Amino acid sequence: MLDFIYYPVSWILWFWHRVFGFAFGADNGLTWALAVVFLVFTLRLVLYKPFVKQVRTTKQMQELQPQIKELQKKYKNDRQKMATEMQKLQKDHGFNPLMGCLPILAQVPVFLGLFHVLRSFNRTGTGIGQLGMSAYDNAHTPNYVFSATDVQSFLSARIFGAPISAFITSPPSQLQAFADYGGVPTKLSIALVSIPLMVIAGLATHFNARASVARQSPEAAANPQSAMMNKLALWVFPLGVLVGGPFLPIAILLYWVSNNIWTYGQQHLVFGRMAKEEEVKKQQKLEQRAQNAPKPGAKPVNVKKKQSPADATPADANADAVDAVDAAPSTNGTAKSPTKAGQRRSGGQKRPGNRGRPNQKRRR
């Protein structure tokens with residue numbers, strides 16, 4: 001049913017197994033462990049751009065929270081109008097809420113596909129196995145793109161004496177079946193490999209969640225739903241890794257560890273770039289503000305635009321002419337007061353002033 005997921009995952013795992021097999025050998029446990037790790041890295045690299053989009057969408061959603069709350073308060077009695085205004089707000093800001101959860105949803109089928117493919121390698125069960133065949137015949141059947149030889153190689157691969165297909169709670173009958181693939185492992189050897197991987201995966205999950213919570217805005221952190229999700233991410237999910245780890249094969253635990261390591265590094269890379277982008281934007285705003293500011297010692301520029309002579313009306317021209325005449329010194333050396341100018345402009349009668357005749361200089 002989900003072969004469109006299983007086969008691509010199998011092809012990527014097969015490729016990395018061939019790559020590391022040249023260096024360490026096809027049956028080496030390190031070869032299969034590195035193949036699983038680089039399978040995770042490959043899939044996360046494919047999902048890198050959606051992850052960046054998710055981070056930007058989450059940040060944008062936090063910035064729009066005040067406006068969203070205002071719309072919710074304004075249209076609390078009209079849900080249809082509120083939904084319309086919400087869509088308009090999202091459209092104006094190029095905001096798509098679906099991109100906030102798309103990368104997480106995309107990782108779910110990838111994890112299920114990886115879990116199924118790795119689990120399908122384990123043919124050590126007793127009785128009737130896959131396709132109604134016995135355990136021996138079942139171990140000699142292909143697994144998607146892997147041949148029967150590859151299946152036996154996977155069952156023989158061990159890390160510090162523990163098969164990577166085994167888990168702590170493996171029944172004794174299943175452990176006994178490993179006798180054909182390098183000897184029967186002990187639960188202690190499996191626990192010595194599984195428990196450190198479980199602890200690392202749990203701690204990595206916790207610190208990844210802590211890094212995400214630390215970057216949330218105070219408004220988003222104060223939201224009851226966000227606070228509940230933060231508690232789940234900080235404590236419940238890491239605890240779930242520790243509780244569910246004994247039921248998972250070592251190969252799946254390798255997936256969890258490598259996936260969390262990638263997430264930790266990717267978060268710091270993406271958030272670091274976003275912080276630099278914001279710093280550049282702030283610097284550009286400061287430079288633009290400094291360019292628009294008046295230089296030291298210069299008079300401040302009048303904000304009001306002066307009218308050009310072409311745009312001036314006749315009334316304005318007459319008023320300016322009257323002001324010029326009134327401001328000019330009179331022939332007897334006295335200047336006309338602004339009060340008289342205001343009276344003439346308002347149409348009032350001008351008081352008769354003392355007009356003296358200019359004294360003519362006698363020519364010698």
Side-chain angles (χ1 to χ4, degrees), residues 5 9 12-13 16-17 20 29-48 51 54-55 101 103-122 154 157-170 185-215 229-271:
I5 297 176
V9 171
I12 298 174
L13 184 63
W16 287 116
H17 175 256
F20 293 108
L30 183 60
T31 298
W32 282 101
L34 290 175
V36 173
V37 171
F38 276 80
L39 165 65
V40 175
F41 290 170
T42 303
L43 296 175
R44 291 302 303 271
L45 187 62
V46 173
L47 297 173
Y48 175 75
F51 174 81
Q54 173 199 359
V55 173
C101 56
I104 300 176
L105 296 177
Q107 291 184 45
V108 173
V110 170
F111 171 74
L112 294 177
L114 175 63
F115 182 82
H116 179 80
V117 171
L118 294 178
R119 187 185 176 196
S120 299
F121 274 110
N122 196 352
F154 182 85
R158 302 194 176 204
I159 301 177
F160 301 108
I164 63 173
S165 60
F167 44 92
I168 297 177
T169 56
S170 297
T186 62
K187 287 199 172 184
L188 179 61
S189 64
I190 299 173
L192 290 176
V193 178
S194 298
I195 291 177
L197 292 176
M198 291 161 47
V199 173
I200 294 173
L203 290 175
T205 303
H206 172 76
F207 283 109
N208 285 334
R210 175 175 289 185
S212 299
V213 172
R215 293 184 177 92
M229 290 301 300
N230 291 340
K231 290 181 180 179
L232 291 175
L234 285 171
W235 307 109
V236 178
F237 293 163
L239 184 62
V241 176
L242 296 176
V243 174
F247 301 93
L248 298 176
I250 294 176
I252 299 296
L253 294 177
L254 285 171
Y255 162 83
W256 276 110
V257 172
S258 55
N259 185 61
N260 281 283
I261 291 175
W262 178 278
T263 302
Y264 187 81
Q266 185 172 257
Q267 279 188 345
H268 283 269
L269 176 65
V270 173
F271 284 111

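We number each residue from 1, following the sequence as shown. Note that the structure is predicted; figures quoted are calculated from it, not measured.
Sequence neighbours left out, not one pair with a member in residues 232-254 passes side chain to side chain donor-acceptor pair (under 3.5 Å). Applying the side chain to side chain donor-acceptor pair (under 3.5 Å) test to residues at least two apart or on different chains, the pairs with a partner in residues 32-41 are H17-W32, W32-S153.
When the side-chain contact (heavy atoms from CB on, under 4.5 Å) test is applied to L239, the partners found at least two apart in sequence or on another chain are V243. The side-chain hydrogen bond (donor to acceptor under 3.5 Å, both in side chains) test applied to S258 returns no partner, not counting sequence neighbours. Residues meeting the side-chain contact (heavy atoms from CB on, under 4.5 Å) test with V270, sequence neighbours left out: Y48, F51, V52, V55, Q266, M274. L192 pairs by the side-chain contact (heavy atoms from CB on, under 4.5 Å) definition with L188, not counting sequence neighbours. Take T169 and apply the side-chain hydrogen bond (donor to acceptor under 3.5 Å, both in side chains) test, not counting sequence neighbours, and it matches no residue. A search for ring-ring contact (aromatic ring centres under 6.0 Å, His included) contacts involving W16 returns F20, F38, not counting sequence neighbours. Not counting sequence neighbours, the partners of L232 by the side-chain contact (heavy atoms from CB on, under 4.5 Å) test are M229, V236, F237.
A distance of 9.0 Å separates CZ of F167 from CZ of F247, quoted to the nearest 0.5 Å.
Within the 3.5 Å criterion, the main-chain N or O of I190 finds a donor-acceptor partner in the side chain of S194.
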Report, one line per pair, each donor and acceptor closer than 3.5 Å where one atom sits in a side chain of residues 195-212; sequence neighbours left out.
from	atom 1	to	atom 2	distance (Å)
T205	OG1	A201	O	2.7
T205	OG1	N260	OD1	3.2
H206	ND1	L234	O	2.7
H206	NE2	R210	NH2	3.1
N208	OD1	Y264	N	3.4
N208	ND2	A204	O	3.1
N208	ND2	N260	O	3.2
N208	ND2	N260	OD1	3.4
S212	OG	N208	O	3.2
S212	OG	Q267	NE2	2.9

